[in-house]
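Down below is the structure, laid out as structure tokens.
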Amino acid sequence: MQPAQISLPYFDALLEQLGRGEAEVEEAFGRHVHWGYWENPAQADSSVDDFAAAAERLCQRVYSVAHIKEGDRILDAGCGFGGTISSLNEHFNNIELIGLNIDPRQLVRARQEVQPHGSNQIKFVEGDACRIPFPDASFDVVLAVECIFHFPSRVEFFQEVRRILRPSGRLAICDFVPLPVFKLVGKFLEKFGSAYVGGTYGRVDSHFTLADYQKLAQESGFALTCQEDITLNTLPTYPIVRRLFERMGKSDSANVTASIELISRLRLLRYLILSFAVLPNS
Ligand SMILES: C[S@@+](CC[C@H](N)C(=O)[O-])C[C@H]1O[C@@H](n2cnc3c(N)ncnc32)[C@H](O)[C@@H]1O
């Protein structure tokens, strides 16, 4: 199996556990590899089943703000194991779905797990979201579910998305977005922070504020059409991820996850769903 072109220690651990047939990991992360969404977080019950249902809800919330319709051609950038593509395939007809991922190991699993229903078409392609291997104006929708912080550059990603979207195109993402004050603190802690987080989650850039997104949208030909703060709705994710890391014998990773939980509970780091529409004449 070809190695990934970037270091993603959490995917190394997941693929190893999935290869061993670990049932809890399969249930929690065999389809989606992102946080969950609970309408009422007080009702989360800490079970893996409950988490899997919440992860499914999160991807549905992200693609709902992209207003997908029959006939759309959709790119899911950073598609993981194809969970979002699978969900779209189950809920829509006559759509063309392309999953893009830099890690060929994940694509092997996605191709095994996801088969097109009815008139839908599905393809999984290896590539970098900042160098999208498709022609200009060839998609209606681009999604990036909990992955933009790994990409080499948000600016290059937005430029690429603008290039491949048609004039009525939409982009929907979810991301960990800091308050400006946390961005400043983060600058001081950058060296320590990136080594600490990187040992578990690989390269992560969580210094891009909402104001940065607004500026980027304007500069790359998009209007920001929706912003939803779902931080509180995602919080029940953390105890589950910590518990799974502890079970794998990865206490360091559980501690890193606890630190992200703390700054999220303090609302210094928010979990946002954002959507963008191509600006006419841009
Ligand atoms: C947290 S996972 C999310 C996966 C998937 N979107 C989901 O929600 O299940 C982050 C994903 O981003 C992918 N990724 C990281 N850097 C990338 C890049 N430069 N281009 C394409 N995919 C990338 C990783 O391989 C991984 O699949």
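Atoms within each ligand, like the ligands themselves, are counted from 1 in listed order.
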Enumerate the atoms of ligand 1 whose separation from the nearest heavy atom of [X] is less than 4.0 angstrom.
{"X": "Y10", "answer": "1 (C), 2 (S), 10 (C)"}
{"X": "G80", "answer": "4 (C), 5 (C), 27 (O)"}
{"X": "A129", "answer": "18 (C), 19 (N), 20 (N), 21 (C)"}
{"X": "D128", "answer": "18 (C), 19 (N), 20 (N)"}
{"X": "C79", "answer": "5 (C)"}
{"X": "E146", "answer": "1 (C), 2 (S), 3 (C), 10 (C)"}
{"X": "H32", "answer": "9 (O)"}
{"X": "V145", "answer": "3 (C), 5 (C), 6 (N), 8 (O)"}

May I ask you to check if ligand 1 and [X] share an N or O to N or O distance below 3.5 Å?
{"X": "H34", "result": "yes"}
{"X": "D103", "result": "no"}
{"X": "G78", "result": "yes"}
{"X": "A77", "result": "no"}

Check your understanding: Are a donor atom and an acceptor atom from the side chains of E56 and H32 found within less than 3.5 Å of each other?
Key -> yes

Check your understanding: Testing L100, I98, L75 for side chain to side chain contact (heavy atoms under 4.5 Å, CB included) with V142, which one passes?
Key ->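 The residue from L100, I98, L75 that satisfies side chain to side chain contact (heavy atoms under 4.5 Å, CB included) with V142 turns out to be L75.
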
Practice item. Kindly say whether the aromatic ring centers of F11 and F81 come within a distance under 6.0 Å. Key: yes

Point to revise | Within the 6.0 Å centroid threshold, strictly below: Y10 and H150 | key: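 Under 6.0 Å, so yes.
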
Practice item. Decide whether L235 and F51 are clustered together by the hydrophobic rule: side chain heavy atoms of Ile, Leu, Val, Met, Phe, Trp, Tyr closer than 4.5 Å, transitively. Key: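 Cluster IDs for L235 and F51 match.
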
Practice item. Establish whether L279 and F276 are linked, either directly or via other cluster members, by ILVMFWY side-chain heavy-atom contacts under 4.5 Å. Key: no

Give the residue and atom name of whichever protein heavy atom lies nearest to [atom], and the separation in Å to one decimal.
{"atom": "atom 3 (C) of ligand 1", "result": "V33 O, 3.3 Å"}
{"atom": "atom 13 (C) of ligand 1", "result": "N101 OD1, 3.6 Å"}
{"atom": "atom 18 (C) of ligand 1", "result": "F151 CD2, 3.6 Å"}
{"atom": "atom 16 (N) of ligand 1", "result": "I6 CD1, 3.5 Å"}
{"atom": "atom 12 (O) of ligand 1", "result": "C147 CB, 3.2 Å"}
{"atom": "atom 27 (O) of ligand 1", "result": "Q106 OE1, 2.5 Å"}

Check your understanding: Is the F208 ring parallel, tilted or perpendicular to the Y213 ring (thresholds 30°, 60°)?
Key -> perpendicular

Point to revise | Proximity flag G82 to ligand 1, non-hydrogen atoms under 4.0 Å | key: no

Review point. Do any heavy atoms of F81 fall under 4.0 Å from ligand 1?
Key: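 False for this residue.
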
Check your understanding: For the side chain of T257 and the backbone of S253, is there at least one donor-acceptor N/O pair under 3.5 Å apart?
Key -> yes

Practice item. Any chance you could measure C59, atom SG, to W35, atom CH2, to the nearest 0.5 Å? Key: 15.5 Å

Check your understanding: How long is the gap from CD1 on I273 to OG1 on T234, to the nearest 0.5 Å?
Key ->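 Output value for this atom pair is 10.0 Å.
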
Review point. Counting heavy atoms only, which of V62, I102, L143 comes nearest to atom 21 (C) of ligand 1?
Key: I102

Review point. Does a side-chain heavy-atom distance below 4.5 Å link I230 with R270?
Key: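 No, their side chains stay 4.5 Å or more apart.
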
Point to revise | Side-chain heavy-atom pair Q227, L272 within 4.5 angstrom cut-off | key: no

Exercise for review: For ligand 1, note which part of D76 has a heavy atom under 4.0 Å away: side chain, backbone, both or neither.
Suggested key: neither

Check your understanding: Hydrophobic cluster mates of F124, side-chain heavy atoms under 4.5 angstrom, ILVMFWY only, any path?
Key -> Y63, I68, I74, I85, L88, F92, I95, L97, L107, V114, I122, V141, L143

